[in-house]
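This is the structure I have questions about; it appears just below.
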Amino acid sequence: MKVWVDADACPVVIKDILFKAAERTGVRTTFVANQPIQIPASSCLAFIRVAKGADVADREIVKRLDAGDLVITADIPLAADVIEKGGHALNPRGEMYTTDTIRSRLSMRDFMDSLRADGIDTGGPPALNKGDRQAFANQLDTFLSDYTTKSKRRKSSPPPW
């Protein structure tokens, strides 16, 4: 299992949480962006720079994603692609997208896009607050703990023969 980060719009405080989690758990975490970002030197952390352009980072993540991987993104269409491919998607506010919730989130996103296209100012999301950061950290920790527990169980199980 790997963690992929849609890093162009990922808040710095969320990146910091991800840096620490990767070091603590040893889970490979790759940041994908179309501009350089600073990541600490670590064998658990990687950076992939993609060309500029709409959805280039998203397509790269989906291309490299394996079923079971976790993607950190606020991009709802990317989250839908991740779920369709068998991955997991977590947004920076701590919401885990699921097959049950992604369709309604896509519909709402499309509706808001149509309002903006008609010239209606819909505003943006509120600034990330301490509660959002804590919700993200908790959800990430739960996901990674579940993964490492399952991984340890598989390693300690005797062979089936």
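Everything quoted here is computed from the prediction, not taken from an experiment.
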| Does Leu78 share a hydrophobic cluster with Val3, counting links as ILVMFWY side-chain heavy atoms below 4.5 Å and allowing steps through other members? | no
| task | Heavy atoms only: give me the nearest Leu128-Pro92 pair and the separation to one decimal. | result |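 Answer, listing the atom of Leu128 first, then Pro92: CD1-O, 3.8 Å.
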Please output the side-chain donor-acceptor pairs of residues 44-54 that fall under 3.5 Å, not counting sequence neighbours, one pair per line with the distance.
none

| field | Residue pairs involving residues 77-95 (criterion salt bridge (Lys or Arg N to Asp or Glu O under 4.0 Å); sequence neighbours excluded) | value | Arg93-Asp132, Glu95-Arg105
| request: Could you tell me which non-hydrogen atom of Gln38 sits nearest to which non-hydrogen atom of Phe19, and how far apart they are? | output: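 Here Gln38 and Phe19 meet closest at O-CZ, 3.6 Å.
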Considering only distance and modelled atom types, tabulate donor-acceptor pairs under 3.5 Å from the side chains of residues 62-74, sequence neighbours left out.
unit_1: Arg64; atom_1: NE; unit_2: Glu60; atom_2: OE2; d: 2.5
unit_1: Arg64; atom_1: NH2; unit_2: Glu60; atom_2: OE2; d: 3.1
unit_1: Asp66; atom_1: OD2; unit_2: Lys2; atom_2: NZ; d: 3.0
unit_1: Asp69; atom_1: OD1; unit_2: Lys2; atom_2: N; d: 3.0
unit_1: Asp69; atom_1: OD2; unit_2: Trp4; atom_2: NE1; d: 3.0
unit_1: Asp69; atom_1: OD2; unit_2: Asp66; atom_2: N; d: 3.0
unit_1: Thr73; atom_1: OG1; unit_2: Asp6; atom_2: OD2; d: 3.0
unit_1: Thr73; atom_1: OG1; unit_2: Asp75; atom_2: N; d: 2.9

| said: Tell me whether Asn91 contacts the main-chain N or O of Gly94 through its side chain, where contact means a donor paired with an acceptor under 3.5 Å. | reply: yes
| task | Find out if a path of hydrophobic residues (ILVMFWY) with successive side-chain heavy-atom gaps under 4.5 Å connects Met1 to Ile17. | result |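 The answer is yes; both residues are in one hydrophobic cluster.
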| request: Under the side chain to side chain donor-acceptor pair (under 3.5 Å) rule, collect the residues that match up with Thr98, sequence neighbours excluded. | output: Thr101
| query | Are Leu144 and Met96 in one and the same hydrophobic cluster, where Ile, Leu, Val, Met, Phe, Trp and Tyr link if side-chain heavy atoms are under 4.5 Å apart? | reply |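 Looking at the clustering, Met96 is in the same group as Leu144.
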| message | Using the rule given for side chain to side chain contact (heavy atoms under 4.5 Å, CB included), can you reason through His88 versus Tyr147, listing the C-alpha separation, both sets of side-chain angles and the distance that settles it, and then say yes or no? | response | CA-CA 12 Å; His88 306 277; Tyr147 165 75; over 6 Å; no
| task | Kindly work out whether a path of hydrophobic side-chain contacts (I/L/V/M/F/W/Y, heavy atoms less than 4.5 Å apart) joins Phe136 to Ile39. | result |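 Yes, because Phe136 and Ile39 connect within a single hydrophobic cluster, where side-chain heavy atoms sit under 4.5 Å apart.
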| So which pairs with a foot in residues 8-20 pass salt bridge (Lys or Arg N to Asp or Glu O under 4.0 Å), sequence neighbours left out? |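 Output for this query is empty, none listed.
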| message | Within this structure, what is the CD1-CD1 distance for the pair Ile102 and Ile83, rounded to the nearest 0.5 Å? | response | 4.5 Å
| field | Under the side chain to side chain donor-acceptor pair (under 3.5 Å) test, residues paired with Asn138 that sit two or more places apart | value |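 Counting only residues at least two positions away or on another chain, Asn138 forms a side chain to side chain donor-acceptor pair (under 3.5 Å) with Gln134.
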| message | Among residues at least two apart in sequence or on other chains, which ones pass side-chain contact (heavy atoms from CB on, under 4.5 Å) with Ser145? | response | Asp141
| message | My understanding is that only residues two or more places apart in sequence, or in another chain, count here; which of them pass ring-ring contact (aromatic ring centres under 6.0 Å, His included) with Tyr97? | response | none
Please list every donor-acceptor pair under 3.5 Å in which a side-chain atom of residues 27-35 meets a protein atom from a residue at least two apart or in another chain.
unit_1: Arg28; atom_1: NH1; unit_2: Ser43; atom_2: O; d: 2.9
unit_1: Thr29; atom_1: OG1; unit_2: Val27; atom_2: O; d: 3.2

| request: Give a yes or no on whether Leu18 and Leu90 share a hydrophobic cluster (residues Ile, Leu, Val, Met, Phe, Trp, Tyr; joining criterion: side-chain heavy atoms under 4.5 Å apart). | output: yes
| said: If the condition is side chain to side chain donor-acceptor pair (under 3.5 Å), which residues does Gln139 pass it with, not counting sequence neighbours? | reply: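 Side chain to side chain donor-acceptor pair (under 3.5 Å) check on Gln139 returns nothing, list empty.
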